[in-house]
Amino acid sequence: MSGQPEGSLAASFRRLIAATGPISLAHYMAEANARYYGSRDPFGTGGDFVTAPEISQMFGELVGLWLADMWHRAGQPVPVHYVELGPGRGTLARDALRAMARAGLAPQVHLVEGSPSLREIQREAVPQAQWHHDLSTLPSDGPILLAANEFLDALPVRQLVKTPGGWRERMVAVDESGAFVCLAGTSPMDSALPEELRDAAQGTLVETCPAAAAVVQEVAGRLAAQGGAALFIDYGHAAPRTGSTLQAVRAHQKVDPFADPGEADLTAHVDFATLAPVAQAHGAQWLGTTGQGPWLTALGMDARAAALTRAAPHLAGEIEAARHRLVAEEEMGDLFKVMGLAASGWPQGAGF
Ligand code: SAH
């Protein structure tokens, strides 16, 4: 368990915990993902996981068309900015911008990306882009058309657990064998919970993602001040729930999130039920939250697949397999959700 090399994140977490005591799960997850994304290209069949834009160009094209449709119906304001959060390999941005250009929209391009190695890959796909570490440096001189696919799920979650002594934060400690283990912290956390959960049964676990709420709050504030529309696409739930959804994926397999920090992708379900009211409270219109499958189908995925197949009949099988993977209920169609936001006064979005 403690066989990781000296420069590994595991070794530095062990030193930190030995010196200062257990760290919060949110601290563990934030550092593990910063190390993970900062040091590799995790996408594709040879990597750790595959995302929707990497499955088919149809995904990015339909996102681009949705944003272009909003912009047209809002009166084609300029200047206008395409903003993407956590763009991965830049595939979604490239496909969306191509579809936008066909629809007469040529926005400035702003990519929010923390990983230096992924920025280099993005530069090849979208050379005209400007990069940002976070949303604070985005321009404020015109509407934003924003997309974020599998971004919020990578942000650190906090977990609170009901113990006999009340609510406590879940912390990460090290046991005698050197393995990372979760335990309940010592500080009372009861005041951090909504009234209706105070008396929950012992062992109840509540997961929250303050970082995701902060991102949605900032996007909503910009929509209110600058105009525009936003799509957040992620796996998650549209109704409130309890229990841990933290998971780790490496080489397309689920692995133990505590086995080798920084070497696997850590994610948690996005709590869309909480994020919609956050957006509304900060001045944005919530257009709806729906399944990725119905949304893509409503936007014309079947017609796009048919057109691609006519242009390349020898790829018919691949195109149909990709379409099925993105929309089928038992694949990504239901687990993945699309949340649409817009400035007040902007039109209702297609597909919601
Ligand atoms: N949207 C892409 C990639 C999803 S993976 C796709 O669908 O293929 C998550 C992305 O978010 C990566 O690009 C990762 O480097 C970035 N990311 C994760 N946490 C971040 C943070 N705190 N700040 C900025 N970027 C972050």
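Because the structure is a prediction, the values reported are computed rather than measured. Numbering of ligands and ligand atoms starts at 1, following listing order.
- Residue-to-ligand polar distances place Gly86 within reach of ligand 1: an N/O pair is separated by less than 3.5 Å.
- Atom 9 (C) of ligand 1 has Glu150 O, 3.3 Å as its closest protein atom, hydrogens excluded (heavy atom only).
- In this structure, Gln217 contributes its side chain and Val278 its backbone to no donor-acceptor pair below 3.5 Å.
- Those atoms of ligand 1 that come under 4.0 Å of a heavy atom in Pro87, given as number and element, are 2 (C), 13 (O).
- Annotation: atom 15 (O) of ligand 1 to nearest protein heavy atom, Glu113 OE2, 2.5 Å.
- Contacts with ligand 1 closer than 4.0 Å are made by no heavy atom of Ala34, backbone or side chain.
- At a heavy-atom distance under 4.0 Å, only side-chain atoms of Leu155, from C-beta outward, approach ligand 1.
- Close contacts between ligand 1 and Thr51 involve ligand atoms 6 (C), 7 (O), 8 (O) [criterion: under 4.0 Å to a heavy atom].
- When each of Leu105, Val63, Val83 is paired with Leu145, the side chain to side chain contact (heavy atoms under 4.5 Å, CB included) condition holds for Leu105 and for no other.
- The Leu118 neighbourhood of ligand 1 comprises atoms 12 (C), 13 (O), 15 (O), with distances under 4.0 Å to a heavy atom of that residue.
- For the residue pair His27 and Glu31, a side-chain donor N or O sits within less than 3.5 Å of a side-chain acceptor on the partner.
- In this structure, the ring of Phe232 has its center no less than 6.0 angstrom from the ring center of Phe272.
- Under a 4.0 Å heavy-atom criterion, Asn33 is not in contact with ligand 1.
- In this structure, the protein non-hydrogen atom closest to atom 20 (C) of ligand 1 is Phe151 CE1, 3.8 Å.
- Counting only heavy atoms of the protein, atom 7 (O) of ligand 1 lies nearest to Asn149 ND2, 2.7 Å.
- Contact record, Thr204 with Ala201: OG1-O, 2.5 Å, taken as the closest heavy-atom pair.
- Evaluated for a side chain to side chain contact (heavy atoms under 4.5 Å, CB included) with Leu85, the options Leu146, Asp134, Leu152 yield exactly one hit, Leu146.
- Atoms of ligand 1 lying under 4.0 Å from any heavy atom of Gly88, numbered from 1 in the order shown and given with element: 2 (C), 3 (C), 13 (O).
- Residues Pro210 and Arg158 form a side-chain contact, since some pair of their non-hydrogen atoms from C-beta on lies under 4.5 Å apart.
- Every atom of ligand 1 is numbered from 1 in the order shown, and the set under 4.0 Å from a heavy atom of Gly114 is 24 (C), 25 (N).
- Residues Asp302 and Arg323 are paired through a salt bridge, judged by an N-O separation under 4.0 Å between the basic side chain and the carboxylate.
- In this structure, Leu111 and Pro87 have side chains that are in contact, with non-hydrogen atoms separated by less than 4.5 Å.
- When each atom of ligand 1 is checked for a heavy atom of Pro53 under 4.0 Å away, the hits are 6 (C), 7 (O), 8 (O).
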